[in-house]
Amino acid sequence: MALERTLSIIKPDAVAKNVIGQIYTRFENAGLKIVAAKFVQLTQAEAEGFYAVHKERPFFKDLVKFMISGPVMIQALEGENAVLKNRELMGATNPKDAAPGTIRADFAESIDANAVHGSDSLENAAIEIKYFFG
Ligand code: RTP
Ligand code: MG
């Protein structure tokens with residue numbers, strides 16, 4: 001087991017639904033510690049830069065538009081196997097495919113408004129934490 005850090009974003013839909021606390025409780029119950037956090041309105045440039053890996057994908061424009069549609073809560077989570085553990089808590093990208101009891105199954109509406117982001121690898125986690133927290 002390895003102590004890892006991962007980047008998590010509570011997206012505008014979940015912030016608007018007032019479920020930041022419920023999502024934080026899931027992190028805490030899974031042994032993930034919040035070691036940095038900020039509540040921000042992303043600019044278009046920040047959202048485009050963050051999701052740059054997807055810039056050629058057909059959904060890129062809608063994804064950026066959604067991510068700047070309201071404030072987001074950004075946090076770095078630390079714990080044993082934090083990257084995978086957070087992805088398990090989140091559930092599948094499309095909430096229709098997300099396992100019962102996952103964040104996306106319980107709080108997300110659609111593949112676009114899907115409540116949370118989580119780093120998908122340890123390497124990307126380091127890049128994403130640096131992107132938002134320096
Ligand atoms: P995220 O990066 O936000 O944690 O989500 P993810 O790893 O589960 O999914 P990813 O493939 O990285 O896609 C990033 C976000 O783009 C939107 N998306 N839309 N319409 C589509 O086919 C589609 N595919 C992806 C989702 O909102 C996804 O969270
Ligand atoms: Mg992703």
Side-chain angles (χ1 to χ4, degrees):
M1 296 280 254
L3 193 67
E4 296 177 352
R5 286 185 173 187
T6 190
L7 187 90
S8 158
I9 303 177
I10 300 178
K11 295 185 179 184
D13 59 319
V15 171
K17 273 190 180 166
N18 201 23
V19 293
I20 294 172
Q22 291 188 62
I23 293 172
Y24 270 25
T25 297
R26 290 175 186 223
F27 297 152
E28 291 168 0
N29 288 343
L32 294 176
K33 191 177 278 187
I34 295 151
V35 294
K38 59 182 178 184
F39 186 73
V40 291
Q41 169 69 53
L42 295 179
T43 65
Q44 175 144 345
E46 283 170 335
E48 285 175 354
F50 181 71
Y51 277 119
V53 54
H54 293 311
K55 68 175 181 291
E56 305 302 335
R57 310 280 285 276
F59 56 80
F60 181 70
K61 238 181 134 182
D62 285 342
L63 174 60
V64 169
K65 200 170 156 192
F66 170 66
M67 290 300 287
I68 65 172
S69 66
V72 295
M73 189 77 205
I74 307 175
Q75 43 281 322
L77 306 175
E78 184 182 87
E80 297 289 339
N81 293 316
V83 173
L84 184 62
K85 197 177 269 183
N86 183 43
R87 295 292 300 197
E88 287 172 354
L89 292 176
M90 290 164 58
T93 307
N94 188 339
K96 290 192 185 80
D97 303 327
T102 59
I103 293 168
R104 283 168 166 165
D106 291 346
F107 301 121
E109 297 306 325
S110 67
I111 192 166
D112 301 302
N114 64 1
V116 280
H117 162 82
S119 307
D120 59 10
S121 68
L122 195 54
E123 188 190 2
N124 284 335
I127 293 168
E128 293 176 0
I129 290 169
K130 193 156 185 246
Y131 188 80
F132 284 120
F133 294 106

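Source: prediction; values computed, not measured. Whatever order the structure lists them in is the order used to number ligands and atoms, beginning at 1. Residues: numbered from 1 along the sequence shown.
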Of H117, R57, M90, H54, the residue with the heavy atom nearest atom 10 (P) of ligand 1 is H54
Which of the listed options, Y51, F59, F66, holds the heavy atom that is closest to atom 24 (N) of ligand 1?
F59
Protein heavy-atom partner closest to [atom] - residue, atom, separation in Å:
| atom | result |
| --- | --- |
| atom 29 (O) of ligand 1 | N114 ND2, 2.8 Å |
| atom 6 (P) of ligand 1 | T93 OG1, 3.6 Å |
| atom 7 (O) of ligand 1 | R87 NH1, 2.9 Å |
| atom 5 (O) of ligand 1 | R104 NH2, 3.3 Å |
| atom 26 (C) of ligand 1 | I111 O, 3.1 Å |

Once the angle between the rings of F50 and Y131 is folded into 0 to 90°, is it parallel (under 30°), tilted (30 to 60°) or perpendicular (over 60°)?
tilted
Please list, in number order, the atoms of ligand 1 under 4.0 Å from a heavy atom of [X].
| X | value |
| --- | --- |
| G118 | 4 (O) |
| K11 | 3 (O), 27 (O), 29 (O) |
| D112 | 27 (O) |

Can you name the closest pair of heavy atoms from [X] and [Y] and give their distance?
| X | Y | result |
| --- | --- | --- |
| I129 | R5 | CD1-CB, 3.7 Å |
| F132 | L7 | CD1-CD2, 3.7 Å |
| V15 | V72 | CG2-CA, 4.0 Å |
| E128 | H117 | OE1-NE2, 2.9 Å |

Looking only at heavy atoms, is any part of L63 under 4.0 Å from ligand 1, and if so is it the side chain, the backbone, or both, or is it neither?
side chain
Main-chain N/O of M73 paired to Q75 side chain as donor or acceptor, under 3.5 Å
yes
Ring pair (Phe, Tyr, Trp, His ring centres under 6.0 Å): pairs with one or both residues in residues 56-80, sequence neighbours excluded
H54-F59
One thing to verify: whether R26 and D106 come together as a salt bridge, which I'm taking to mean a side-chain N less than 4.0 angstrom from a carboxylate O.
yes
